[in-house]
Colleague: 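Supplied in structure tokens, the structure appears directly below.
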Amino acid sequence: MVDKEQQHRERAYKIWEDECRPYGQHADHWRRAGEEVELSEQESDDVTRVNQQADDEFARGGGESEPANIRPPSVASPD
């Protein structure tokens with residue numbers, strides 16, 4: 001697992017490369033990378049929380065025992 005500091009460093013480097021390696025923009029790249037790493041961690045935490053809630057609900061039997069009116073997607077075109 002890559003630590004947060006390493007993720008930050010790698011993201012800042014990627015931003016720098018994506019912008020054709022401009023001189024003197026390191027502070028902006030570092031700031032933006034930090035914001036992106038924080039957002040990514042928050043999204044990951046949110047997904048983990050939602051998955052845990054779904055697991056808990058399933059374990060309690062909160063879902064229906066039979067899928068209701070679920071059909072596979074059609075392979076025929078709607079024409």
Side-chain angles (χ1 to χ4, degrees):
M1 178 80 179
V2 178
D3 69 357
K4 187 175 176 179
E5 178 74 18
Q6 185 64 29
Q7 286 178 327
H8 193 159
R9 186 177 297 113
E10 289 173 3
R11 185 61 195 134
Y13 185 82
K14 177 76 170 112
I15 292 169
W16 177 67
E17 283 191 321
D18 289 348
E19 293 184 0
C20 300
R21 301 177 177 187
Y23 179 77
Q25 299 293 317
H26 58 279
D28 182 53
H29 296 158
W30 188 256
R31 179 192 54 77
R32 288 171 38 205
E35 290 171 357
E36 291 178 18
V37 168
E38 289 297 325
L39 181 60
S40 177
E41 284 185 350
Q42 182 60 48
E43 289 172 347
S44 178
D45 291 346
D46 291 347
V47 168
T48 300
R49 182 180 41 79
V50 168
N51 284 339
Q52 186 60 52
Q53 289 172 346
D55 286 347
D56 294 346
E57 183 177 333
F58 181 78
R60 287 191 309 270
E64 298 178 17
S65 59
E66 294 290 325
N69 199 17
I70 297 177
R71 295 175 294 191
S74 173
V75 293
S77 111
D79 296 352

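When a residue number appears, it is its place in the shown sequence, counting from 1.
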Colleague: Which pairs pass ring-ring contact (aromatic ring centres under 6.0 Å, His included) with one or both residues in residues 32-52, sequence neighbours excluded?
Modeller: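 Applying ring-ring contact (aromatic ring centres under 6.0 Å, His included) to every pair that reaches into residues 32-52, excluding sequence neighbours, yields nothing.
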Colleague: Which heavy atom of Ala12 sits nearest a heavy atom of Ala33, and at what distance?
Modeller: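 It is N-CB, 3.3 Å.
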Colleague: Under the criterion salt bridge (Lys or Arg N to Asp or Glu O under 4.0 Å), I'd like the reasoning laid out for Arg60 against Asp56: C-alpha separation, chi angles, the key distance, then a yes or no.
Modeller: CA-CA 6 Å; Arg60 287 191 309 270; Asp56 294 346; 5.1 Å; no
Colleague: Could you give the side-chain donor-acceptor pairs of residues 41-48 under 3.5 Å, partners two or more places apart or in another chain?
Modeller:
{"residue": "Gln42", "atom": "NE2", "partner": "Asp46", "partner atom": "OD1", "Å": "2.8"}
{"residue": "Thr48", "atom": "OG1", "partner": "Ser44", "partner atom": "O", "Å": "3.0"}

Colleague: Taking side chain as C-beta onward, heavy atoms only, is Arg31 less than 4.5 Å from Asp28?
Modeller: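 The answer is yes; the side chains approach within 4.5 Å.
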Colleague: Check the pair Lys4 / Glu38 against side chain to side chain contact (heavy atoms under 4.5 Å, CB included), numbers first and verdict last.
Modeller: CA-CA 9 Å; Lys4 187 175 176 179; Glu38 289 297 325; 2.3 Å; yes
Colleague: Side chains of Arg9 and Gln6 only: does a donor on one sit below 3.5 Å from an acceptor on the other?
Modeller: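 Indeed, the side chains of Arg9 and Gln6 share at least one donor-acceptor pair under 3.5 Å.
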Colleague: Going through the distances and angles, do Arg32 and Glu19 end up as a salt bridge (Lys or Arg N to Asp or Glu O under 4.0 Å)?
Modeller: CA-CA 13 Å; Arg32 288 171 38 205; Glu19 293 184 0; 2.8 Å; yes
Colleague: How many angstroms lie between CZ in Arg11 and NE2 in His29, if you round to the nearest 0.5 Å?
Modeller: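 Taking CZ in Arg11 and NE2 in His29, the distance rounds to 10.0 Å.
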Colleague: Check for a donor-acceptor pair, side chain of His8 on one end and backbone N or O of Trp30 on the other, with a separation under 3.5 Å.
Modeller: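 At least one qualifying donor-acceptor pair exists.
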Colleague: Which ILVMFWY residues are connected to Trp16, directly or by a chain of links, through side-chain heavy atoms under 4.5 Å apart?
Modeller: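 Reading the cluster by chain and number, Trp16 sits alongside Tyr13.
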